[in-house]
Amino acid sequence: MERGFQERVLALVARIPQGRVMTYGQLALLAGTPGAARQAGQVLNGLLGHTPLPWHRVINAQGRVSTHKIGFGDVQEGLLRAEGVAFDDSGRCDLDALQWWPDDAPERTLPPAPLL
DNA sequence: AGTCTGACACCCG
DNA sequence: ACGGGTGCCAGAC
């Protein structure tokens, strides 16, 4: 049943707490495939509308939703707002404050610590 | 500081 | 075996 990458991404998405977010690149990283951010996006693209998973809690590294193309932009933003996520005028949210990392994340998949 | 562009990486059908 | 795709990053404007 294990499909590998896809299943791991979905498992991660399922764990994102309400009011928090993860990025595509982050999902790929934690799924064990750094650089496969676009594939993470493709995985999510498949389940829009027919999934119990909190797909709307996944945004891009710029802190903005990437679903406008597919017509789910407003929906996603609305769902996040309902959870307390604030978006500024340019449609961005504060990733530093809202991005969620699993507590059991291996150290090498942790966010780069500021060295200064 | 903000926005746009192009090269790049990579799983899945 | 091959190309697409909800991205990412670095560099230019």
Side-chain angles (χ1 to χ4, degrees):
Chain A
M1 311 318 251
E2 180 57 67
R3 285 259 198 93
F5 183 79
Q6 183 168 332
E7 290 295 328
R8 273 183 312 243
V9 167
L10 297 180
L12 285 165
V13 173
R15 296 176 50 193
I16 308 177
Q18 188 177 26
R20 305 297 297 278
V21 298
M22 283 183 85
T23 70
Y24 300 98
Q26 182 187 4
L27 283 172
L29 177 65
L30 292 172
T33 314
R38 304 186 67 181
Q39 286 59 262
Q42 282 229 210
V43 170
L44 296 181
N45 182 37
L47 24 95
L48 282 180
H50 25 91
T51 177
L53 297 178
W55 61 270
H56 58 278
R57 294 176 190 153
V58 183
I59 62 182
N60 60 33
Q62 283 79 52
R64 321 213 283 125
V65 299
S66 299
T67 50
H68 294 293
K69 283 177 148 179
I70 330 172
F72 279 84
D74 295 327
V75 178
Q76 179 170 15
E77 212 173 294
L79 286 170
L80 287 173
R81 279 204 158 100
E83 297 184 352
V85 175
F87 288 89
D88 62 20
D89 299 316
S90 51
R92 280 181 301 188
C93 67
D94 187 356
L95 265 186
D96 292 320
L98 300 174
Q99 184 169 21
W100 177 78
W101 289 84
D103 338 301
D104 56 353
E107 187 172 329
R108 78 164 162 306
T109 63
L110 288 178
L115 294 180
L116 299 190

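We name chains A, B, ... by the order of the sequence lines, and we start the count at 1 in each one.
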Audit row: V58(A), I16(A), side chain to side chain contact (heavy atoms under 4.5 Å, CB included) steps and yes/no: CA-CA 9 Å; V58(A) 183; I16(A) 308 177; 4.1 Å; yes
Residues R57(A), E83(A): salt bridge by 4.0 Å N-O rule: yes
D88(A)/R64(A) salt bridge by N-O under 4.0 Å criterion: no
Step-by-step side chain to side chain contact (heavy atoms under 4.5 Å, CB included) determination, L79(A) to W55(A): CA-CA 10 Å; L79(A) 286 170; W55(A) 61 270; 4.0 Å; yes
Nearest-Å distance for atom pair [atom1]/[atom2], residues [X] and [N]:
| X | N | atom1 | atom2 | result |
| --- | --- | --- | --- | --- |
| D88(A) | dA1(B) | CG | C1' | 14 Å |
| Q26(A) | dC9(C) | CD | C1' | 17 Å |
| H68(A) | dG7(C) | NE2 | P | 11 Å |
| I59(A) | dC8(C) | CD1 | C1' | 14 Å |
| L27(A) | dC12(B) | CG | P | 14 Å |

By salt bridge (Lys or Arg N to Asp or Glu O under 4.0 Å) - contacts of D96(A) (at least two apart): none
Connected via hydrophobic side-chain network under 4.5 Å: F87(A) and L98(A): yes
Nearest to side-chain heavy atoms of Q6(A), which nucleotide of dC8(C), dG7(C), dC12(B): dC12(B)
Shortest side-chain distance from Q42(A), nucleotide among dC9(C), dG4(C), dC11(B): dG4(C)
Secondary-structure stems for DNA chain B, with pairs counted as Watson-Crick or G-U when both distances are under 3.5 Å and runs at least 3 long: B:2-6 with C:9-13, B:10-13 with C:2-5
Backbone of T23(A) reached by a side-chain donor or acceptor of Q26(A) within 3.5 Å: yes
L30(A) side chain reached by W101(A) side chain, heavy atoms, under 4.5 Å: yes
With the criterion being N/O to N/O and under 3.5 Å, what pairs connect the protein with nucleotides 3-9 of chain B, and how long is each?
unit_1: dA9(B); atom_1: N1; unit_2: R38(A); atom_2: NH1; d: 3.2

Side-chain H-bond candidate by donor/acceptor type, H56(A) with E77(A), under 3.5 Å: no
Sugar-phosphate, base or nothing in reach of T33(A), heavy atoms under 4.0 Å: sugar-phosphate
